[in-house]
Amino acid sequence: MTGAASIGADAAWRPTERLRPDAAGIARAGALLRAGRLVALPTETVYGLGADGRDAAAVASLYAAKERPRFNPLIAHLPDAEAALREGAFGPDARRLAAAFWPGALTLVVPAAAGSRVCDLARAGLPSVALRVPSHPVARAILAAAGTPVVAPSANRSGRISPTRADHVLADLDGRIDAVVDGGPTAVGIESTIVACLDGRVRLLRPGGVARDAIEAALGRALDGTGPAEDPAAPLAPGLLASHYAPRAAVRLDAAAIRPGEAALLFGGPLPGVEAAALALDLSPTGDLAEAAQALFAHLHRLDASGAATIAVAPIPRRGLGEGIADRLERAAADRPS
Ligand code: TXA
Ligand code: MG
């Protein structure tokens, strides 16, 4: 394990400041980032844990705080498309997608520009770079104040449920990071869709906040490949480990009925047996997938906190944002070491 000794030092306890999303809080967040510190910030997808992407020491402390394996590269966030376009080599497809979806919940993986400021460690040594321009006004203001590409994975410890509120961030990382800017609950609720534009192919690496059909409409053709990483031994997105978003409870997918004592994650109304659930929460009683995505991680946090041994999950259609929701739930259900 590289840096086992430094993990302890880097992750040493420090008070975490809770900052307001006002001018003073944004200026403070920008100054902390420029000083090499770790700041969690709201984006429209989930809260990110930001560090200065140029600064290898800051990036190393980010990996340590999250307990994230260093082979898993980070997304660099920029305040506008112009700044993002300077960090990578964008062909016509990548340009079209950037124009259609930035600012927004799309991450583009492109060859890194020769002059890219995103350091090697943040890219896990890859020749490509993952870039995103978030639409959240507080995120964009912090990025502008920082004046540097800010690398930001979801602000949770590696393998845990992603945070959609500042309280989720603090529950996982209080004392391990310098500050969190509280921008309230996030609007999209699941992470960005990741699309790789490399070697003339356009591939979906991770379904997320922008639906596949919207991407294909903007592209004017179908995406290449059929889905995330074809070869699980050499995943295109090294972070797509099968077990991820893990609650403490076991997760039972496509439940037709709820068993007594289970926690229930519903969609579009009750299931048989729900009266005997430890706790039941509906992602969207009306069956709206955008509403379901927004509620997903907060509901998982609450159901897990109920102490039930199993979370039973209602069937969720895979159209539109349902593809990203189903992806997160399958990872939550995957076998994992205890
Ligand atoms: O919505 C989001 O994308 C959030 C917010 C904070 O922006 N961020 C996020 O980051 O979800 P993270 O670190 O949890 O997921 C980033 C994913 C990982 O699966 C990583 O492997 C992949 O992006 N990735 C990063 N750079 C890559 C590259 N050069 N090639 C392929 N995959 C890459
Ligand atoms: Mg994550």
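One-based numbering along the sequence shown. All ligand and atom numbering here is 1-based and tracks the order in the structure.
- Ligand-side atoms of ligand 1 in range of G48: 6 (C), range being under 4.0 angstrom from any heavy atom.
- Of the candidates R132, R331, R206, R328, E191 forms a salt bridge (charged side-chain N to carboxylate O under 4.0 Å, His left out) with just one, namely R328.
- Polar contact with ligand 1: present for R206 (N/O pair, distance under 3.5 Å).
- Around the CZ atom of R28, the shell of radius 6.0 Å holds no more than 12 heavy atoms that belong to other residues, nucleotides or ligands.
- Within the 4.0 Å heavy-atom criterion, the part of R68 lying near ligand 1 is the side chain and not the backbone.
- The shortest N or O to N or O distance between T43 and ligand 1 is not under 3.5 Å.
- For the 3.5 Å distance criterion, the side chains of E87 and S116 qualify, holding a donor opposite an acceptor.
- Remark: ligand 1 atoms within the under-4.0 Å shell around heavy atoms of N72 are 18 (C), 20 (C), 21 (O).
- S135 is linked by a side-chain hydrogen bond (donor to acceptor under 3.5 Å, both in side chains) to E44, counting only residues two or more places apart in sequence or in another chain.
- Near A152, meaning under 4.0 Å from one of its heavy atoms, ligand 1 places the atoms 6 (C), 8 (N), 10 (O).
- Those atoms of ligand 1 with a heavy atom of P153 less than 4.0 angstrom away are 10 (O), 12 (P), 13 (O).
- A continuous path of Ile, Leu, Val, Met, Phe, Trp and Tyr side chains, each step under 4.5 Å between heavy atoms, connects F297 with L279, placing both in one hydrophobic cluster.
- Less than 4.0 angstrom separates some heavy atom of A130 from each of these atoms of ligand 1: 25 (C), 26 (N), 27 (C).
- Heavy-atom proximity to L126, at under 4.0 Å, picks out these atoms of ligand 1: 28 (C), 29 (N), 30 (N).
- Between the side chains of R37 and S61, not a single donor N or O lies within less than 3.5 Å of an accepting N or O.
- For the residue pair T286/D288, the side-chain donor-acceptor check at 3.5 Å is not satisfied.
- Evaluation of the ring pair (Phe, Tyr, Trp, His ring centres under 6.0 Å) test over residues 127-175, restricted to residues two or more places apart or in two chains, returns H168-H301.
- Not close to ligand 1: R123, with no non-hydrogen atom less than 4.0 angstrom away.
- Atoms of ligand 1 found under 4.0 Å from any heavy atom of S128, numbered from 1 in the order shown, are 28 (C), 29 (N), 30 (N).
- Those atoms of ligand 1 that come under 4.0 Å of a heavy atom in I194, given as number and element, are 17 (C), 23 (O).
- Under 4.0 Å is where a charged nitrogen must lie from a carboxylate oxygen, and between R221 and E216 no such pair does.
- Within the 2.8 Å limit, S154 places at least one N, O or S atom next to the Mg ion (ligand 2).
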